[in-house]
Each structure stands twice: as structure tokens, then as C-alpha cells.
Amino acid sequence: MSQVSLTFPDGSVRTYDAGTTGREVAESISKSLAKKSVAIAIDGTVRDLSDPVVDGQIEIVTRTDPRALELIRHDAAHVMAEAVQELWPGTQVTIGPVIENGFYYDFAKAEPFTPDDLPKIEKRMKEIIQRNKPFTKEVWPRNKAREVFAAKSEAYKVELVDAIPEDQDLKIYYQGDWFDLCRGPHMASTGQIGTAFKLMKVAGAYWRGDSNNVMLTRIYGTAFAEQEQLDNYLHILAEAEKRDHRKLGREMDLFHFQEEGPGVVFWHGKGWRMFQTLTSYMRRRLAGTYEEVNAPQVLDASLWETSGHWGWYQENMFAVKSAYAFTHPKDEGADNRVFALKPMNCPGHVQIFKHGLKSYRELPIRLAEFGLVHRYEASGALHGLMRVRGFTQDDAHVFCTDEQMAAECLRINDLILSVYEDFGFEEVVVKLSTRPEKRVGTDDLWDRAESVMTDVLKTIEEQSGGRIKTGILPGEGAFYGPKFEYTLKDAIGREWQCGTTQVDFNLPERFGAFYIDANSEKQQPVMIHRAICGSMERFLGILIENFAGHMPLWFAPTQVVVATITSDADDYGREVAEQLRDAGLQVETDFRNEKINYKVREHSVTKVPVIIVCGKKEAEENSVNIRRLGSQAQTSMTLEEAIRSLSEEATPPDLRRRAALRKRPA
């Protein structure tokens, strides 16, 4: 009998008879391991425990292995489908994949499911899991599969069978008597799923995602290895719902959206103040290092053809013509050209760099722009400030020599991390995305850029003392060069990819950009794209959710409300407000004939950080009572002390650092 050679994680090699299953290999190591195992992995590919092993590196996958999570969710989807068909015979099951954070299954049912049905399905799922039926696999001939599913009136399954390529096996997985068409793999039995699962919601979904097809009902669920993990996930979801920037935006009167402007923001006064505070902060951080420029929003399509965006990115761009072009369609003159709203700032910055001869002595040249860009997003993908069609990029482009590239990437990194720290984001991950399959530029250029950026990545981690985590994303680079991606973690543990640093071989070459080197020869510059916030609108949305609307005093749109207890104190309240404004604070007043507790509650809803309460006693003593958002405590102090303390707290962190440096002894 032929033998199979297996290499284990510890480096040991064992041979087994051909046909030995993964379960038998686990049992040969220990009975306890076999009991805990749910699958095997051969050369990194997860397979059923019942599969015969083949030559390669083997790992026994237990339920606590991170790779088992996808199996748990996959199996839970199958159990959900069985539960549905037990409860509502005649319901057709269609497709049920694992997705990020869970799974779903689409069903064809005469009456769509409602949220009230979910507890019934969950209860039946627990009963099926309790039965602990084994998952078993069969490979069927195509004709048998068609006949069996047709006999069960499973028309969608018949269509799926027909769509499977002829050279692929038709796998059928049983769990007891119930079965489904599935690629696999699965765990050993339904009991291994556990009970840490929850059905989340129902939604409509077109068959195969095509709006011309019938509407099905989709049930979403999630599952974890342990109940604690599920509880934590549900807590994060609940927190995220409370922190939803769209909800807080309404409560704080920051912005709104409406159908006449889908995907673009209607900023209200307070929201626009926040936007301008962010912009002013970023401008100060760039001062002396970058030159701020502004490139046109509307440019002829020919420029975008040269840049490559018309070919690579056209479906995400807005093309425009003048009204004259629509009323005179036969006029082929200059006024009937096709233009595009810029989706990004980079081609405009290359034009600015090219304007006038550049010497190597001038490099690096750093151009920054808070550029309004427009990108088409499907209406279903729009999501408040997080996904819009018109947004402002805090974009910059560095034109430098090859020798300057590493130093510039490190300089950019220091700036990005410093900005995030000012907003309280200390858990940051930096990952290097390497060359994709489809790309421009020679392998030598890619080798050089990736080598430099790999060294920079190591330096980033070393300089942070391990505080900044790093990693590699193979094949995830832009088509024009490798890039760093900066991902930050918010207050409830969610990750947001914001900043990028991208090396570009493409645009300088396409536009013929050059500088004159020390030998009076033309040389193509390295172009580095840099964004810190990315989309300013999205970054504001992240900040609102991270702070749950409780913005730091320096960033709050209204920093202080001066509220009086009685009308006798109104004049004093006006004096307090005026002195606070003179000190540079954003102040509103509330002298309405309402009880002070009512006023405090109302301004707490709008997330005002500080409420200064003035009554007759405070007016006589030239003092104030300070109430902080989220606290019942009151602090009494003189008006002078309050102004000094609040002014210091309302100073942006970069200005505070600058003031501290000025105070240092020479």
C-alpha cells in the first residue's frame, strides 16, 4: 500500500497509509486532540476531518483556532437553513455564505420573514445543534443532483447545479437527514457549532444580486466560538448604534443629507465650525513644510485620459458638459467638450509641479491641498459622512529624488502618527501593501520601492518601541506603486483605515514631469501621495463616533453655554459670555425663562462640553458654577479662574506644544 508523508508544525514527519483520514491522524496523536479537532489544514488549505490526507504540511484545527470561526459560521448557516425548512416546509433555500462578522442565507418564501420570526428560528437551531448530527459529504453526479433538487421543488438549487463548471465535483453535505449543495468544508458535527450565535436581521435581496430577478428574503446572523466573544460583539454593535454619527449629527445640529443632493453634505453652522477647526488644525501642522495649492475642480477629459484615470477609474467619475453643449449637441466646437469633476487632486498637482523648470536643489517639493473631489458611489453604498460622493481630501504630493524617498516616507509617518495622537488615537497599525498582479512600472522600480518601504516599515516599528504594529498586505498595492496604510482603533475597538503613503511611478512618467539633476540632465522625480485624514468628512464622522459626540473642548463646535438661573442674573451672564468670547471660546447663551435643570438637560443632548450656571449669588461674587457634560458635579470658581482654565483647555494640542516650547529656557 502506498504511503503519505505528513510534516507537522513541530517539524516532525510521519507516514500514513494512503486513504488515512484527518480524524485518524488526529487520533494517532492523542484521543483528546481528536476530540477537540474540527478540521485539518494541508499546506494551509482547510479540509474536512473525514478527508483522506495527502502529502504536505498538516495542522490539526481545533475549535479555538482562529480558522475555525469561519467553519462555525458556515455550519451555523446550514443549521439555520434546516431550521427554516423544518418550521416552514416548502421554503426554498438558495445561497448562504460566510461574510465579515457572520453569515446569511437567502430564502424563497411566499410570505417574507419578519424580525418576529428570528427567535423561533434561533430556538429550532439550538435544538438541531443539540442533536449533534455528523456532517457527512457525498459527491453526486450532475444528473442525480438536478433530479433530487427538482423533486424537492428546489428550483434555485437546480439553477446552481447547472452553474457549477463541468470539471468541478458536486458536493452534498448531510447533517442528519437534511442536506444541501455546498463546497465545504464543515466541522465534524452540528454540536461543535455551540450556542454562541444570534440572528441579527432580515432584509430583501434579489436572486443573484440582479434587480431583474425575484426578491428573496435574507436572514443575517453571527456566531462565535465563545459566548463572551458574542456578548462583546453585540455590546460593540449597541455602542456603535448609540454613537452613530448620523444620529448625533441630528442631535448636535451639525449637518444633514437630502435626496436633491445624494451623497453630498449640507453643513449646518456648528458642523461647519468643526470642519473648519479640523482644517485649521491641519493647516497649522503643514505650515513651513508644505506649500498649499489649489487645482481646478473641472478639467477636460483629455487630462484624465493622460493620467490613466479615464481608463482605470472612469466608472467612479462624474463627467460633465456645459448647458450650451446640451442645447447645441451638433456644435463640435471647443464649448462642447467633455469635462470631469476631479475624483482626486494628483493630476492637478503634477501640472503645478511642471509649471516652470525645477532643479534638484529645490527638491523635495511638497504640495498640499484641501481639495474638494467627487466620486460616484452607488446609492445603496452611501452612508452619512462615511461614504459620500463629494468630499474634501487632505491631500499632498511630494516630488523628490529616489535618494530622498525613505526620509520623506519617515517624515510623513511622523506627521501622521502625531496627528492621530492629538485626537487620542494611540493604537495604530501600519501595513505595507505590495505589488498587485496588474501594475505599471518595471520590476526593478517595484523592487527598489518595496525595498525602501520595507526598511522604513522596520524603522517605524523600532522607533515606536513596538507601540505601532506593522504588517504586510501582499498584492494590495496601487497599480502605480506600493503604499503604507494607516489603520487606527477607536474607543470601542473598531478599526478605521485612514492615512496612506503611496509611491507613484505612473503619473510623473505619463505627464512627462522632470527635474534637472546635478549633471544638467532631465530626471523623473519620485511622486509620493500622502493623506492623513483621507476624507475630511469621513474623519469627522469617525471622531464623532469615537467621542460619542463628547468632543474635546478644543474641538467642540460650541464650547460653553452660559445659562442663568433667574432673569436677575442675565446682565451678569452677558458679561461672562462676552469675556469668554474675548478669550477665544465659542460661546452661546441661554437666558430663557426655564428651570436650570431643563436647560442643562437640553444642552447635554446637544453635547455641549461645559455649561456655566450664573445666578444672583454668582453675580454678586463675580464667580461661576461649571457643569461638565456627563457629570452631575458642579465646580465653583471665580470668573477669572474659569476663563484662564477653559482658555487653556480649549487651546488645540499643537498650539499648546508650541507655547510649551517657547517657555523652555534657552
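Side-chain atoms of Arg283 and Glu292, non-hydrogen and from C-beta on, do get closer than 4.5 Å to each other. Proximity of His374 to Arg389: side-chain heavy atoms (C-beta onward) are nowhere separated by under 4.5 Å. Annotation: side chain of Val419 is not in contact with side chain of Phe425 (no heavy-atom distance under 4.5 Å). Between Glu588 and Val608 there is no side-chain heavy-atom pair separated by less than 4.5 Å. Looking at Thr392 and Thr279, their side chains never come closer than 4.5 Å, going by heavy atoms from C-beta outward. Leu646 has its side chain out of reach of Gln559: every pair of non-hydrogen atoms, C-beta onward, lies at least 4.5 Å apart. At least one side-chain heavy atom of Gln297 sits under 4.5 Å from a side-chain heavy atom of Leu372. Looking at Glu537 and Trp267, their side chains come closer than 4.5 Å, going by heavy atoms from C-beta outward.
Remark: the backbone N or O of Gly615 is paired with a side-chain donor or acceptor of Glu618 at under 3.5 angstrom. A donor-acceptor pair under 3.5 Å links the side-chain atoms of Lys342 to the main chain of Ala295, judged by distance alone. Gln502 places no side-chain N or O within 3.5 Å of a backbone atom of Lys483 that could act as its donor or acceptor partner. For Arg627 (side chain) and Val613 (main-chain N/O), no donor-acceptor pair under 3.5 Å exists by modelled atom type. For the pair Asn345 (side chain) and Asp395 (backbone), a donor-acceptor distance under 3.5 Å is absent. In this structure a side-chain-to-backbone donor-acceptor pair under 3.5 Å is missing from Arg656 to Ala650. A distance-only check finds a donor-acceptor pair linking the side chain of Asp394 to the backbone of Gly534 [under 3.5 Å]. Not one N or O on the side chain of Glu239 forms a donor-acceptor pair closer than 3.5 Å with the backbone of Ile492.
Closest of all the heavy-atom pairs between Pro609 and Leu553 is CB-CD1, 3.8 Å. Nearest approach of Gly549 to Met252, heavy atoms of both residues: O-CE, 3.6 Å. The two atoms that bring Asp253 and Lys270 nearest to each other are O-CB, 3.8 Å, heavy atoms only.
For the pairing with Glu408, the side-chain contact (heavy atoms from CB on, under 4.5 Å) check across Val456, Asn413, Thr501, Ile528 returns one residue only, Ile528. Ile544 pairs with exactly one of Lys607, Arg246, Met274, His550 by the side-chain contact (heavy atoms from CB on, under 4.5 Å) rule, that one being Met274.
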Legend entry - Worked check of side chain to side chain contact (heavy atoms under 4.5 Å, CB included) between Tyr420 and Ile532: CA-CA 9 Å; Tyr420 293 164; Ile532 301 175; 4.1 Å; yes
Inset, instruction - Decide salt bridge (Lys or Arg N to Asp or Glu O under 4.0 Å) for Arg628 and Glu649; before the verdict, give the C-alpha distance in whole Å, the side-chain angles of both, and the deciding distance to 0.1 Å. - result: CA-CA 13 Å; Arg628 295 280 182 166; Glu649 185 180 346; 2.8 Å; yes
Legend entry - Trace of the salt bridge (Lys or Arg N to Asp or Glu O under 4.0 Å) decision for Arg657 with Asp422: CA-CA 11 Å; Arg657 281 195 301 273; Asp422 278 350; 2.7 Å; yes
Inset, instruction - Apply the test side chain to side chain contact (heavy atoms under 4.5 Å, CB included) to residues Lys431 and Thr487: give CA-CA distance (whole Å), side-chain angles for both, the deciding distance (0.1 Å), then the verdict. - result: CA-CA 8 Å; Lys431 292 187 178 180; Thr487 301; over 6 Å; no
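One finds the CD atom of Glu226 at 9.5 Å from the OG1 atom of Thr195 (value rounded to the nearest 0.5 Å).
Qualifying ring-ring contact (aromatic ring centres under 6.0 Å, His included) partners for His256, counting only residues two or more places apart in sequence or in other chains: Phe266, His268. Remark: Glu377 pairs with Arg387 by the salt bridge (charged side-chain N to carboxylate O under 4.0 Å, His left out) rule, at least two apart or across chains. Legend: residues meeting side chain to side chain contact (heavy atoms under 4.5 Å, CB included) with Gln227, ordered by chain and number and at least two apart, are Ala196, Leu230, Asp231. Legend: residues meeting side chain to side chain contact (heavy atoms under 4.5 Å, CB included) with Leu299, ordered by chain and number and at least two apart, are Pro296, Leu303, Trp304. The salt bridge (charged side-chain N to carboxylate O under 4.0 Å, His left out) search around Asp414 returns none, not counting sequence neighbours. Partners of Ser567 by side chain to side chain contact (heavy atoms under 4.5 Å, CB included), not counting sequence neighbours, listed by chain and number: Asp570. Every residue was checked against the salt bridge (charged side-chain N to carboxylate O under 4.0 Å, His left out) condition with Glu461, not counting sequence neighbours, and none meets it. Residues that satisfy the side chain to side chain contact (heavy atoms under 4.5 Å, CB included) test with Tyr313, not counting sequence neighbours, are His309, Asn316, Met317, Pro343, Met344, Arg375. With sequence neighbours left out, the salt bridge (charged side-chain N to carboxylate O under 4.0 Å, His left out) criterion links Arg592 to Asp590, Glu602.
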Donor-acceptor pairs under 3.5 angstrom involving side-chain atoms of residues 112-122: please list them, not counting sequence neighbours.
unit_1, atom_1, unit_2, atom_2, d
Thr114, OG1, Asp116, N, 3.3
Asp117, OD2, Thr114, N, 2.9
Glu122, OE2, Leu199, N, 2.8

Return a table of donor-acceptor pairs under 3.5 angstrom between the side chains of residues 630-637 and protein atoms on other chains or two or more places apart.
unit_1, atom_1, unit_2, atom_2, d
Ser631, OG, Ala633, N, 3.1

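Ion pairing of Arg494 with Glu545 is present here, as a side-chain N (NZ or NE/NH1/NH2) and a carboxylate O approach within less than 4.0 Å.
Contacts classified as ring pair (Phe, Tyr, Trp, His ring centres under 6.0 Å) and involving residues 559-618 (residues at least two apart or in different chains) are not found.
Within a 6.0 Å radius of CD in Gln497, other residues, nucleotides and ligands contribute more than 12 heavy atoms. Within a 6.0 Å radius of CD in Glu111, no more than 12 heavy atoms belonging to other residues, nucleotides or ligands are found. Within 6.0 Å of atom NZ in Lys247, more than 12 heavy atoms from other residues, nucleotides or ligands are found, so the atom counts as buried in its surroundings. Within 6.0 Å of the CD atom in Gln229, the count of heavy atoms belonging to other residues, nucleotides or ligands exceeds 12. Environment of CD in Gln276: crowded, with over 12 heavy atoms of neighbouring residues, nucleotides or ligands closer than 6.0 Å. Open room surrounds CD on Glu648; 12 or fewer heavy atoms of other groups in view lie less than 6.0 Å from it.
Relative ring orientation between Tyr233 and Phe224 is described as tilted, the plane-to-plane angle lying within the 30° to 60° band. Ring-plane geometry between Trp272 and Phe275 is classed as parallel, the angle between the planes falling under 30 degrees on a 0 to 90 degree scale with a further cut at 60. Relative ring orientation between Trp554 and Tyr281 is described as tilted, the plane-to-plane angle lying within the 30° to 60° band. The aromatic rings of Phe255 and His245 are tilted relative to each other, their planes meeting at an angle between 30° and 60°.
Side-chain atoms of Arg411 and Thr289 form no donor-acceptor pair, as typed in the model, at a separation below 3.5 Å.
Less than 6.0 angstrom separates the ring centroid of Phe539 from the ring centroid of Phe423.
Remark: Arg73 fails to qualify as a cation-pi partner of Phe103 under the 6.0 Å distance and 45° angle criteria applied to the six-membered ring.
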